[in-house]
Amino acid sequence: MKTQIVIIGSGPSGLLLGQLLTKSGIDNIILERSTPEHVLGRIRAGVLEEGFVQMMREAGVSERMDREGLPHGGFQIAFNGEIRRVDLHKFSNGKQVVVYGQTEVTKDLMDARLETKAQSIYEVENVEIHDVKKDTPYVTYEKDGAQHRIDCDYVAGCDGFHGVSRPTIPDSIRKEYEKIYPVGWLGVLSDTPPISEELIYGTSERGFLLCSMRSHTRSRYYVDVSLDEKVEDWSDERFWDELKSRLPEEVVGDLVTGPSIEKSIAPLRSFVTEPMQYGRLFLVGDAAHIVPPTGAKGLNLASSDVNYLYRIMLKVYKDNRPDAIDQYSELCLRRIWKAERFSWWMTSMLHHLSDNDFEKKIQASELDYFTSTEAGLRVISENYVGLPYEEVE
Ligand code: RFL
Ligand code: PHB
């Protein structure tokens with residue numbers, strides 16, 4: 001087989017990139033380890049920055065998102081028993097975010113791909129990337145016991161944190177930066193109306209909380225738990241009791257509980273690998289970086305990488321500019337490190353990460369300062385709605 005770009009991974013990064021390329025007449029094949037049902041079963045992100053929303057529009061897959069997505073012009077922060085509002089509209093020049101689940105984004109992109117008849121090959125095994133330092137790279141994989149080979153011009157590694165693309169870059173060239181946090185997020189999805197029209201992030205004596213949503217009738221809640229907790233030990237009742245114990249009194253009565261339809265624990269991690277390009281291989285999304293979910297940045301960073309790679313590929317194929325690829329890593333990383341900083345900072349402000357009494361006092365005063373001053377609210381707002389994408393030269 002032959003194609004212009006092999007995309008490894010059919011998560012949001014791979015699917016969005018594939019859709020944009022196909023729409024521009026650039027041939028691509030997606031290779032995915034799991035089944036489509038498994039990819040769609042993962043409950044993950046819920047908050048889309050304007051940049052992501054624009055990319056979905058450019059890819060021609062925004063119809064349902066534009067109809068069903070919930071625009072949010074602000075969110076709430078609960079601490080010290082009270083709630084303060086971050087007015088995103090006011091403090092980020094009219095910008096907002098859209099609440100629309102990653103599952104829905106993925107479904108819309110998968111449906112669009114079926115329509116374009118671009119090729120996705122699911123349930124592949126032993127994917128290997130070859131000769132990316134030469135002009136003629138190729139990818140091999142196994143499917144139903146048979147070995148296959150695809151010759152291509154470029155490889156997009158959109159295969160998440162545990163994929164094969166990142167380790168293809170030799171250890172001597174790859175530098176990894178990592179921070180592990182001592183807590184994870186226990187999340188529950190339930191068909192109950194959200195506690196509030198806006199998201200509530202919070203911290204209390206008992207720890208972190210987040211009240212989010214997928215629609216007017218479906219809620220997503222999180223509390224942080226220590227890393228040795230097992231999801232089996234968390235009955236619905238225990239989860240709701242824990243969440244109630246962390247919510248400020250003025251809203252706890254508004255919480256509607258019900259049976260969970262999904263429950264999972266996600267560890268918190270900050271991670272960046274540099275460089276994100278090696279010859280004709282590009283790392284995209286979670287394959288190159290992870291953020292703790294507190295800033296709602298993971299999926300949105302995937303879309304900014306896709307934005308840069310897509311625009312570079314337009315230069316390569318439409319303007320005959322193969323040199324354009326050399327800017328990929330630097331362009332991506334400038335934005336990624338700022339989102340890493342914001343995610344790390346929101347995480348440290350809203351979780352109990354230290355037993356040191358001095359640090360606890362600093363944390364409390366940081367929350368008070370950033371949620372009560374114009375300067376502070378601007379810093380939170382402009383980062384939360386997403387920093388702008390740079391031009392590709
Ligand atoms: P994905 O989604 O992990 O997809 C990678 C795909 O590659 C496949 N794969 C392979 N295929 C072939 N061969 C191999 N060897 C392969 N190895 C792996 C996998 O099966 C998979 O289908 O990466 P991608 O596309 O880069 O997308 C990244 C996002 O999924 C991720 O950043 C977000 O979910 C993070 N995230 C959030 N991001 C936000 O922007 N806003 C949020 O509100 C938000 N909340 C969250 C989150 C992540 C969470 N968890 C569970 C990690 C909340 C949570 C709880
Ligand atoms: C979610 O709805 O799953 C969600 C929302 C905001 C975050 C993280 C996750 O920061």
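Each ligand, and each atom within it, is numbered from 1 in the order the structure gives.
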For a quick test of reading the model, state the closest non-hydrogen atom pair linking Ser165 to Gly157 and the distance between them.
OG-CA, 3.1 Å

Taking all atoms of both residues into account, what is the closest heavy-atom pair of Glu123 and Lys143, and its distance?
O-CD, 3.9 Å

Under a 4.0 angstrom heavy-atom cut-off, which atoms of ligand 2 come close to [X]?
| X | value |
| --- | --- |
| Thr294 | 10 (O) |
| Trp185 | 8 (C) |
| Arg220 | 3 (O) |
| Val47 | 5 (C), 6 (C) |
| Pro293 | 7 (C), 8 (C), 10 (O) |
| Leu199 | 5 (C), 6 (C) |

Can you tell me which residue among Phe239, Trp240, Tyr201, Trp185 is in a ring-ring contact (aromatic ring centres under 6.0 Å, His included) with Tyr221?
Trp240

Give me the nearest non-hydrogen protein atom to [atom] as residue plus atom name, then the distance to 0.1 Å.
| atom | result |
| --- | --- |
| atom 32 (O) of ligand 1 | Asp286 OD1, 2.7 Å |
| atom 39 (C) of ligand 1 | Leu299 N, 3.1 Å |
| atom 4 (O) of ligand 1 | Gly11 CA, 3.6 Å |
| atom 22 (O) of ligand 1 | Glu32 OE1, 2.7 Å |
| atom 1 (P) of ligand 1 | Arg44 NH1, 3.6 Å |
| atom 45 (N) of ligand 1 | Ala45 CA, 3.3 Å |
| atom 6 (C) of ligand 2 | Tyr201 OH, 3.2 Å |
| atom 3 (O) of ligand 2 | Tyr222 OH, 2.6 Å |
| atom 15 (N) of ligand 1 | Val164 CG1, 3.6 Å |
| atom 29 (C) of ligand 1 | Gln102 NE2, 3.7 Å |

Check contact between Arg42 and ligand 1, using heavy atoms of the residue and a distance below 4.0 angstrom.
yes

So, 4.0 Å and heavy atoms of Gly187: is ligand 1 close enough to count as a contact?
no

For ligand 2, note which part of [X] has a heavy atom under 4.0 Å away: side chain, backbone, both or neither.
| X | answer |
| --- | --- |
| Arg44 | backbone |
| Ser212 | side chain |
| Tyr221 | neither |

Closest to atom 14 (C) of ligand 1 (heavy atoms only, candidates Arg33, Arg269, Lys297) is Arg33

Per-atom contacts, ligand 1 versus [X] - under 4.0 Å to a heavy atom:
| X | value |
| --- | --- |
| Ser34 | 20 (O) |
| Gly163 | 17 (N) |
| Gly160 | 3 (O), 5 (C), 23 (O) |
| Val47 | 41 (N), 43 (O) |
| Gly46 | 42 (C), 43 (O) |
| Cys158 | 5 (C), 6 (C), 7 (O) |
| Ile8 | 12 (C), 13 (N) |
| Asp159 | 5 (C), 7 (O), 9 (N), 10 (C), 16 (C), 17 (N), 18 (C) |

Are a donor atom and an acceptor atom from the side chains of [X] and [Y] found within less than 3.5 Å of each other?
| X | Y | answer |
| --- | --- | --- |
| Thr273 | Arg166 | no |
| Tyr317 | Asp153 | yes |
| Ser381 | Ser92 | no |
| Tyr310 | Ser24 | yes |
| Ser270 | Tyr181 | yes |
| Arg335 | Asn300 | no |
| Glu359 | Ser354 | yes |
| Thr136 | Asp131 | no |

Please state whether the rings of [X] and [Y] are parallel, tilted or perpendicular, taking 30° and 60° as the class boundaries.
| X | Y | result |
| --- | --- | --- |
| Tyr138 | His130 | parallel |
| Phe161 | Phe271 | perpendicular |
| Tyr154 | Phe282 | tilted |
| Tyr384 | Phe75 | tilted |

Salt bridge Arg269-Asp286, side-chain N to carboxylate O under 4.0 Å
no

Using the ring of Tyr177 (Phe, Tyr or Trp, six-membered ring only), decide whether Lys179 places NZ or CZ under 6.0 Å from its centre and within 45 degrees of its axis.
no

Should the pair Lys338 and Phe342 be classed as cation-pi, given the thresholds of under 6.0 Å to the six-membered ring centre and 45° from the axis?
no

Does ligand 2 have any atom sitting under 4.0 Å from a heavy atom of Val99?
no

Return yes when Arg214 approaches ligand 2 closer than 4.0 angstrom through a heavy atom, no otherwise.
yes

From the list Val86, Val379, Leu377, side-chain contact (heavy atoms from CB on, under 4.5 Å) with Phe91 holds only for Leu377

If you measure from each non-hydrogen atom of [X] to ligand 1, which part falls under 4.0 Å: side chain, backbone, both or neither?
| X | result |
| --- | --- |
| Val39 | side chain |
| Leu31 | backbone |
| Asn300 | both |
| Ser212 | neither |
| Ala266 | side chain |

When rounded to the nearest 0.5 angstrom, what distance separates OG1 in Thr103 from CZ in Arg214?
6.5 Å

Please say whether more than 12 non-hydrogen atoms of neighbouring residues, nucleotides or ligands are located less than 6.0 Å from CD in Glu178.
yes

For ligand 2, is there an N or O atom under 3.5 Å from any N or O atom of Tyr384?
no

Looking at ligand 1, does any of its N/O atoms fall within less than 3.5 Å of an N/O of Gly298?
yes

Check: Gly14 N/O within less than 3.5 Å of ligand 1 N/O
no

